[in-house]
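Values in this document were obtained by computation on a predicted structure and should not be read as measured data. First the proteins, then the strands, lettered A, B, ... as listed; each starts at 1.
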There are 2 protein chains.
Amino acid sequence: MTALVNPDAMQSGAAPITIHNSFGKHDAASNANIRRLKAGETLYVEGDSAPYCFQVVDGVMKEYNTLEDGRRQVADFYGSGELFGISELNEHLHTAEAITECAIRCYPRDAYLKAIAGSPELSEQFLDTLMTRLHRARERIVMLGRMSAVQRVATFLQRLSDEQDTIDNVQFVMSRQDIADHLGLTIETVCRVLTEFKKKHIIEMPSARLFSVPNIDILDDTVHGGDRVH
Amino acid sequence: MTALVNPDAMQSGAAPITIHNSFGKHDAASNANIRRLKAGETLYVEGDSAPYCFQVVDGVMKEYNTLEDGRRQVADFYGSGELFGISELNEHLHTAEAITECAIRCYPRDAYLKAIAGSPELSEQFLDTLMTRLHRARERIVMLGRMSAVQRVATFLQRLSDEQDTIDNVQFVMSRQDIADHLGLTIETVCRVLTEFKKKHIIEMPSARLFSVPNIDILDDTVHGGDRVH
DNA sequence: CGTGCAATTGAAAGTACTCAAGCCACGTGG
DNA sequence: CCACGTGGCTTGAGTACTTTCAATTGCACG
């Protein structure tokens, strides 16, 4: 897994959304500086020029788009170790905002690309990251295009559970609104589905920001054909 | 119309879905072989190992996923010049099928990756392709997550029109089913939206597989706030 | 001139959305 | 210490949009 500047970042269990990686040992980090953000603070906005690439050291970030009429679509969430803002051609295509308090490492893009060009190993790592991103994006396309609200929420719960590597007291790091904007639903629908899950004992929710999964298989079924059944 | 291998491919306006490129001059093509597919034929299936990367020489391909219950999601369409099946880590995550008769260049993946590693220029091109794919995917995420059926279809018509670089007699290369599966709609909804557009004179449809756009701006409005208005 | 598949249309049902109100935890100030 | 205001979450009622199911039409082909 990803080792980081700040060894704590990983163990602390603080970072609910996992990983991927990074520059590994290679020390392009030398000329990178750390930026700290409060929850809700914006790192860059859609249309900004993109002189830096970023990596989450600690905390959770989200990247999203806003439509004319104010509807939002959250492209992805990034947790400790993950790179983001890397695939920009010239300008940022999303807005990046801190969900929790964050520490972000900023790599000057030029140096970064040069480092990649110079090292086949680094280059491979980078390609890997990019490909993985593409796969994630495509999974989301399937979800948004062809899955019901119930399936989307169930899938999302799975993801959180996987990333936090537990079944008990999994945290919702982000607000209902963020979840809704990520899943292409409204906040109300997300709520309703969650209470439906509670009623069916698919999950327990000791508080609004925590859930447990008594039986993973049932959640799994829900992700797959679980609704649709009449 | 569709033209071919030859230089024409791009200029002729033949390839209905355009864009992007390829290995350029670099001759990794030397040890690549051409494979011909009939319409409807499958090049690879989700889960296949992925020893090759592909490039459309002529025709149009689609890549899609199938869910347990048979619902499909078309990830993307690829026209002349476009690379596909490139971002696979180990195995194919989609099924690739010919929509029209196709000629496909197949690059052995190893040679291909080696070529990339060896040439910074090639590597850059490849990165570029990958990034552009990611952007496309993310645009689709916004579409699927936050746009109405009307907006999705309008966006799709724009894309076709752009790619074929004309406003008159733009071709639907793919079936209604493919369009529906791409836009996350049903075939019926696609039809209804199209006839709605006809009635509103946003488009004309001399035949089921052709349309013209008398006034681009109206289509544009439709893509943006055009519905939602009460 | 059938046959068969693709596209279109209609009617009914369902799912998710909108708008609106209620709830709850928490922090502030009286 | 408790009333009050705030923000995030939940619930309810009604509606709008899409889907589902079921025909029907259109068109290419033998």
- Query: What is the distance, rounded to the nearest whole Å, between atom CZ of Phe172(B) and atom P of dA6(C)?
  - Reply: 16 Å
- Message: On DNA chain D, compare the nucleotides closest to Arg209(A) and Lys199(A); which residue's is nearer the 5' end?
- Response: Arg209(A)
- Task: For Glu82(B) and Gly79(B), indicate whether the former's side chain and the latter's backbone hold a donor-acceptor pair under 3.5 Å.
- Result: yes
- Message: Go through it in stages, so that I can follow the logic: the residues are Gln158(A) and Asp220(A), the test is side chain to side chain donor-acceptor pair (under 3.5 Å), and I'd like the CA-CA distance, side-chain angles, deciding distance and then a yes or no.
- Response: CA-CA 8 Å; Gln158(A) 276 193 329; Asp220(A) 236 70; 2.7 Å; yes
- Answer yes or no: is there a donor N or O on one side and an acceptor on the other, between the side chain of Thr42(A) and the main chain of Tyr44(A), under 3.5 Å? no
- Message: Under 4.0 Å, counting only non-hydrogen atoms across every strand here, what does Thr195(A) touch: a base, just sugar-phosphate, or nothing?
- Response: sugar-phosphate
- Item | Residues forming a salt bridge (Lys or Arg N to Asp or Glu O under 4.0 Å) with Glu63(B), sequence neighbours excluded | Arg138(A)
N/O contacts under 3.5 Å, protein versus nucleotides 26-30 of chain D?
none

- Sequence neighbours excluded, the answer for side-chain contact (heavy atoms from CB on, under 4.5 Å) partners of Glu196(B) is Val150(B), Lys200(B)
- What's the shortest heavy-atom distance between Ala98(B) and Met61(B), and which atoms? CA-SD, 3.6 Å
- Query: Considering residues at least two apart in sequence or located in another chain, which fulfil the side-chain contact (heavy atoms from CB on, under 4.5 Å) criterion with Thr186(A)?
  - Reply: Glu188(A), Thr189(A)
- Query: Could you state the CG-C1' distance from Leu194(A) to dG8(D), rounded to the nearest angstrom?
  - Reply: 14 Å
- For Arg176(B) and dC5(C), give me the distance from atom CZ to atom P, rounded to whole Å. 18 Å
- Whole-Å distance separating the CD atom of Gln151(B) from the P atom of dT18(D): 9 Å
- Message: Under the ring pair (Phe, Tyr, Trp, His ring centres under 6.0 Å) definition, can you give me all pairs with a residue in residues 147-199 of chain A, not counting sequence neighbours?
- Response: Phe77(A)-His182(A), Phe156(A)-His182(A), Phe172(A)-Phe211(A)
- Item | Asp178(B) CG to dC5(C) C1', straight-line distance once rounded to whole Å | 14 Å
- Message: Expressed as a whole number of angstroms, how long is the span from Arg71(B):CZ to dT18(D):C1'?
- Response: 14 Å
- Atom CE of Met205(B) to atom P of dA6(C): distance rounded to whole Å? 16 Å
- Quick one: Leu144(A) CG to dT18(D) P, roughly how many Å, whole number? 15 Å
- Can you list, by residue number, the residues of residues 182-193 of chain B that have a non-hydrogen atom closer than 4.0 angstrom to DNA chain D? Gly184(B), Leu185(B), Thr186(B), Glu188(B), Thr189(B), Arg192(B)
- Looking only at atom types and distance, does a side-chain atom of Thr100(A) sit under 3.5 Å from a main-chain N or O of Val60(A), one as donor and one as acceptor? yes
